[in-house]
Amino acid sequence: MALIKSISGIRGTIGGKPGEGLTPLDVVKFSAAYGSWVIQNTNNPKIVIGRDARISGEMVSKLVSATLQGLGIDVIDLGLSTTPTVELAVPLEKAGGGIILTASHNPMQWNALKLLNDKGEFISDAEGKDILVKADQDDYHFAEVKKLGSYTTIDDYIDRHVEHVLGLRLVDVEAIKARNFKVVIDCVNSTGGIALPKLLRALGVEHIEEMFCTPDGHFPHNPEPLPENLRDISEKLKKGKFDLGIVVDPDVDRLCFMNEDGSPFGEEYTLVAVADYVLSQTPGNTVSNLSSTRALRDVTEKRGGVYQAAAVGEVNVVNKMKETNAVIGGEGNGGVIYPESHYGRDALVGIGLFLTHLAKFGKSISRLRATYPGYHISKNKIELTPEIDVDAVLEAIKKKYSKQPINDIDGVKIEFDKEWVHLRKSNTEPIIRIYSESESQATAEHLAKKIMQDIKEVVTAS
């Protein structure tokens with residue numbers, strides 16, 4: 001069993017002993033701490049909740065709702081929803097915050113509480129620490145019987161979300177409709193199975209082959225949208241006459257596309273392609289995290305904008321986007337953040353922008369992919385014994401490569417012309433994550449192995 005308390009929320013495997021897994025007692029404790037924080041910091045006792053389709057979702061949702069009502073908070077429950085839908089709903093409902101019940105791409109035995117502020121954006125590091133302290137100290141006070149909170153359900157927010165996408169300035173429904181796209185979708189039997197067909201039909205896509213669109217939480221494969229988990233949709237594309245495939249994760253904030261021949265467009269290139277289109281219509285700056293592909297920087301500079309990197313984590317990307325007035329940004333894991341919509345990763349917004357781009361491009365999705373730089377990322381990790389000082393190891397690597405351009409806002413990122421390697425320590429285990437990128441997969445892997453050897457030498461010498 002696992003329970004991970006972090007500044008962004010609480011996640012864990014269902015069952016086990018309190019404090020060791022995500023048990024009902026842990027759900028109540030953390031919901032109470034967050035609800036108390038909302039009351040104290042916003043003076044607005046109203047919270048929006050929504051969940052993905054995983055099996056434990058209904059149980060966890062009832063626990064969260066009852067706990068919040070017990071604090072005197074009015075609960076608005078969107079039911080089966082998506083992360084970006086809840087993010088949009090919080091300010092529209094003038095709520096003091098929001099909780100999304102989803103473990104994102106984790107397997108079905110996991111669930112989590114993702115926490116939002118009154119803007120519908122993820123809470124900050126400082127706010128998260130404050131909530132963790134409240135939970136540890138049982139610092140919450142429940143309401144008297146006449147002051148209990150109300151409970152209201154709203155079941156059409158995904159429809160409102162779809163209408164929101166259609167209303168975006170750069171989403172061209174007529175252009176998409178004119179292309180008469182034939183699309184296959186894989187929604188991993190979660191809430192994308194509700195949202196994607198609604199969105200695509202509203203965009204004028206009439207030919208939709210639905211795969212795993214029953215929102216029952218029985219994930220048919222590992223729900224992280226990586227190529228090795230997408231063999232079924234790949235085979236479907238190879239056998240049929242489709243224009244593209246679309247894949248989302250269980251809470252619909254990550255988005256990836258598949259080419260017409262079944263090959264991956266590349267999760268890293270979701271943001272690259274969408275940014276290219278947005279920048280062609282709205283010149284400006286872009287942001288992604290340090291572990292994302294250099295291709296976004298290339299596309300941004302080609303369009304006359306300035307690219308900047310943020311520390312890993314959606315809240316860090318959002319903060320950097322606001323700081324640099326970026327017109328588009330996100331993460332290389334298929335997360336598109338479009339400020340004209342809202343400051344959160346949103347697969348539905350990404351689909352609207354991408355299909356408009358592809359429609360106007362006028363050729364196949366594989367031809368579109370070929371217009372972008374061809375980079376390859378290698379993702380590795382090196383395990384260390386707990387007594388090793390990881391910070392000291394990273395500092396030694398930084399010193400060894402001090403003649404290269406280095407960014408140390410989040411671990412150590414070293415640039416070698418158009419290649420880079422990024423080293424980050426894990427917050428939960430004694431490992432260093434090592435991501436590297438080059439124009440060939442072999443070179444990216446060689447670069448990672450070289451740095452891993454350097455780390456081993458530092459550890460041996462210490």
Side-chain angles (χ1 to χ4, degrees), residues 2 4 6 8-15 22 27 48-61 64 77-89 98-116 122 157-158 161-162 184-200 210-233 245-258 264 267 270 314 330-337 344-351:
I4 302 170
S6 74
S8 59
I10 183 171
R11 63 189 173 100
T13 51
I14 296 297
L22 187 59
V27 172
V48 177
I49 68 171
R51 64 184 177 90
D52 71 13
R54 62 187 63 233
I55 297 166
S56 61
E58 185 176 2
M59 176 200 72
V60 174
S61 180
V64 170
D77 187 355
L78 307 189
L80 288 172
S81 193
T82 77
T83 286
T85 305
V86 178
E87 290 171 347
L88 283 170
I99 304 179
I100 307 147
L101 309 175
T102 174
S104 194
H105 61 270
N106 287 93
M108 70 171 68
Q109 64 267 34
W110 288 78
N111 212 329
L113 281 64
K114 290 185 175 181
L115 308 177
L116 305 176
F122 284 111
Y157 248 101
I158 287 178
H161 192 167
V162 168
V184 190
I185 60 174
D186 176 352
C187 299
V188 74
N189 284 340
S190 191
T191 48
I194 302 170
L196 263 64
K198 285 178 182 283
L199 174 66
L200 291 170
E210 298 182 14
M211 297 182 69
F212 313 128
C213 286
T214 303
D216 60 13
H218 292 280
F219 303 151
H221 54 76
N222 184 312
E224 187 164 15
L226 300 174
E228 58 266 30
N229 301 328
L230 303 176
R231 296 187 181 94
D232 292 323
I233 191 170
I246 304 176
V247 183
V248 293
D249 67 340
D251 66 324
V252 200
D253 63 356
R254 287 174 64 174
L255 168 67
C256 76
F257 296 97
M258 304 288 286
E267 192 183 30
T270 298
E314 183 172 332
E331 298 181 305
N333 61 9
V336 174
I337 302 173
R345 294 181 301 175
D346 191 330
L348 301 189
V349 168
I351 289 168

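FYI, the numbering just counts along the sequence from 1.
Counted by atom type alone, Asp186 and His221 present one or more donor-acceptor pairs between their side chains at under 3.5 Å.
Side chain of Thr191 to backbone of Asp251: no donor-acceptor contact under 3.5 angstrom is found. Remark: side-chain polar atoms of Asn189 are paired, donor with acceptor, to backbone N or O of Thr214 under 3.5 angstrom. Not a single donor-acceptor pair under 3.5 Å links the side chain of Thr270 to the backbone N or O of Gly334. With Glu314 contributing its side chain and Arg345 its backbone, the two residues share a donor-acceptor pair below 3.5 Å. With hydrogens and angles ignored, the 3.5 Å screen pairs no side-chain donor or acceptor of Arg11 with any backbone N or O of Trp110.
The shortest non-hydrogen separation linking Cys213 to Cys187 is SG-SG, 3.8 Å. Closest of all the heavy-atom pairs between Val248 and Ala347 is CG1-CB, 3.8 Å. Across all non-hydrogen atoms, the minimal contact from Asn111 to Thr102 is OD1-N, 3.4 Å. Smallest separation of non-hydrogen atoms from Pro223 and Pro250: CB-CG, 3.6 Å. Counting all heavy atoms, side chain and backbone alike, Gly350 lies closest to Leu255 at C-CD2, 3.7 Å. The two residues Ala195 and Val162 make their nearest non-hydrogen contact at O-CG2, 4.5 Å.
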Verify side chain to side chain contact (heavy atoms under 4.5 Å, CB included) between Ile351 and Leu200, making sure each step is shown before the conclusion. CA-CA 9 Å; Ile351 289 168; Leu200 291 170; 4.1 Å; yes
Margin query: side chain to side chain contact (heavy atoms under 4.5 Å, CB included) for Thr85 and Val252? Distances and angles first, verdict last.
Written below: CA-CA 9 Å; Thr85 305; Val252 200; over 6 Å; no
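With rounding to the nearest 0.5 angstrom, the CG atom of Leu101 is 10.5 Å from the CZ atom of Arg54. Within the model, atoms CG of Asn222 and CG of Asp249 stand 11.0 Å from one another, a figure rounded to the nearest 0.5 Å. We find the CD1-CZ distance between Ile100 and Arg51 to be 14.0 Å, quoted to the nearest 0.5 Å. For the atom pair CZ of Phe122 and OG1 of Thr83, the computed distance is 5.5 Å after rounding to the nearest 0.5 Å. Distance NE2/His161 to CG/Leu199: 8.0 Å, rounded to 0.5 Å. Taking CG from Leu78 and CD1 from Ile49, the interatomic distance works out to 8.0 Å, rounded to the nearest 0.5 Å.
Within the 4.5 Å cutoff, side-chain heavy atoms of Leu348 are placed close to those of Leu196. Inter-residue side-chain proximity for Ile194 and Thr82 is flagged as unmet; no heavy-atom pair is nearer than 4.5 Å. The side-chain heavy atoms of Lys198 and Ile158, taken from C-beta on, include a pair separated by under 4.5 Å. Put simply, the side chain of Lys114 reaches to within 4.5 Å of the side chain of Ser104, judged on heavy atoms. Side-chain atoms of Val188 and Pro220, non-hydrogen and from C-beta on, do get closer than 4.5 Å to each other. In this structure the side chain of Cys256 reaches within 4.5 angstrom of the side chain of Leu230, judged on heavy atoms. Inter-residue side-chain proximity for Asp232 and Phe212 is flagged as met; some heavy-atom pair is nearer than 4.5 Å. Side-chain atoms of Leu115 and Ile99, non-hydrogen and from C-beta on, do get closer than 4.5 Å to each other.
For residues 211-227, the pairs satisfying salt bridge (charged side-chain N to carboxylate O under 4.0 Å, His left out) are Glu224-Arg254, with sequence neighbours left out.
Annotation for Gln109: atom CD counts as buried by contact number, over 12 foreign heavy atoms lying within 6.0 Å.
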